[in-house]
2 protein chains.
Amino acid sequence: MSRGATITPPAGETARRAYDLQGCLVHDLRSKLRGAGLRPTRQRVALGWLLFAKGDRHVTAERLYEEATLSRVPVSLATVYNTLHQFTQAGLLREIAVDGAKTYFDTNLSTHHHFLVEETNALFDIPGAQVEVGRLPEPPPGMVIDRVDVVVRLRKA
Amino acid sequence: MSRGATITPPAGETARRAYDLQGCLVHDLRSKLRGAGLRPTRQRVALGWLLFAKGDRHVTAERLYEEATLSRVPVSLATVYNTLHQFTQAGLLREIAVDGAKTYFDTNLSTHHHFLVEETNALFDIPGAQVEVGRLPEPPPGMVIDRVDVVVRLRKA
DNA sequence: TTACGTGCAAATAATTTGCAGTCCC
DNA sequence: GGGACTGCAAATTATTTGCACGTAA
């Protein structure tokens, strides 16, 4: 069982193109995993699929676990956590710095920043390069700047 | 007992000035608390003292609890958490947005940003106005920008 | 006096870990 | 076949809550 996440060849012209695309993406994913020293197991490919097939996303472990369950991909919550961290280490995901209890993972790897709605803890990308950090501080001796995170906190007008 | 945190008049000219200053700060603190609808109880004043007497600080609840214990101010961890949140609501503290499990509270209320050392999770202020956010994005309709947090992540060179 | 605070211990919430069994190469 | 991966449940860590008692106004 649990082959629900496997791609089945669909009929029709449009669907055919979608299938090729999917096959390509899945292939890419498998390659990436392999390149990062991660075996492309059923669970990892399925979770990767859920993460990367829908464009840029911000997920929590809990949320991804729900989605996997809904998609008939039986994974354990622990595996979701492990996989998210492994993907992050492999450079497929970015962990986002917002406070609040939960950890968010972002599939958008390009340099960009975030809006945070304070009441709901909803998180979304700030489109394009609409934020620019003008001056950067001198890092302390012996340290280098790894990354700059900007969080724009929003509340109702 | 537990009067360890109480201010005892010291001898000497310099010390005398320090005492006046302290008395003043404590008085300010009590007023602030009252203004915010918080009774200036022994615990709140003691914790406020630990927080505000040493200049700008970044503390976690756990750390402040330790300090209080070392200073012979017997408070429970739960009270430390409550107090930190009450102070934050009262505008005496700022909660800082970094990821990682722990929540940091900052006694520096002025607009400023932070360095985060990734391995140790150490946090410190970026001095002065060394960071400038050039362009800010348009907030979505019905929302206003509450605050912008910038975290500059550091790692060893 | 009396409502607001506090301490304690137990409850939650998010995440991690240990280990026995499973699957990919 | 063998080591990497997974699932489960139990362990950790950070924080919150319920409730009896204490204390400032």
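Numbered from 1 within each chain, the chains take letters A, B, ... in sequence-line order. Hydrogens, waters and symmetry mates are skipped; everything else that's a heavy atom, side chains included, is used.
In this structure, the separation between OG1 on Thr69(B) and CG on Leu77(B) is 9.0 Å, given to the nearest 0.5 Å. Distance CG/Leu116(B) to CG/Leu123(B): 6.0 Å, rounded to 0.5 Å.
At a cut-off of 3.5 Å, with distance as the only test, a side-chain donor of Asp106(A) or His114(A) sits close to an acceptor on the other residue. For the residue pair His58(A) / Asn108(A), no side-chain donor-acceptor distance below 3.5 Å is found, with atom types taken as modelled.
When rounded to the nearest whole Å, the span between CG of Leu33(B) and P of dA24(D) equals 14 Å. Across the protein-nucleic acid pair, Arg44(B) atom CZ and dA25(D) atom C1' stand 13 Å apart, rounded to whole Å. Residue Arg34(B) contributes atom CZ, which lies 16 Å from atom P of dC4(C) at whole-angstrom precision. With rounding to whole Å, Gln89(A) atom CD is found 12 Å from dC5(D) atom P. Atom-to-atom, CZ of Arg63(A) to P of dT15(C) comes out at 15 Å; the value is rounded to the nearest Å.
Remark: Lys102(B) does not engage Glu62(B) in a salt bridge, criterion side-chain N to carboxylate O under 4.0 Å.
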How does protein reach along nucleotides 9-23 of chain D, written 5' to 3' as B (base within reach of a heavy atom under 4.0 Å), S (only sugar-phosphate), or - (no contact)?
B----SBBB------
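In this structure the side chain of Phe105(A) never reaches within 4.5 angstrom of the side chain of Leu51(A), judged on heavy atoms.
In terms of position along DNA chain D, the nucleotide closest to Leu38(A) lies nearer the 5' end than the nucleotide closest to the other residue of the pair Pro40(B) and Leu38(A).
A sub-4.0 Å separation between OP1 or OP2 of dT6(C) and a side-chain N or O of Thr79(B) is absent. Gln86(B) has no side-chain polar atom (N or O) that falls below the 4.0 Å cut-off from OP1 or OP2 of dG5(C). The phosphate of dT6(D) has OP1 or OP2 within less than 4.0 Å of a side-chain N or O from Thr41(A).
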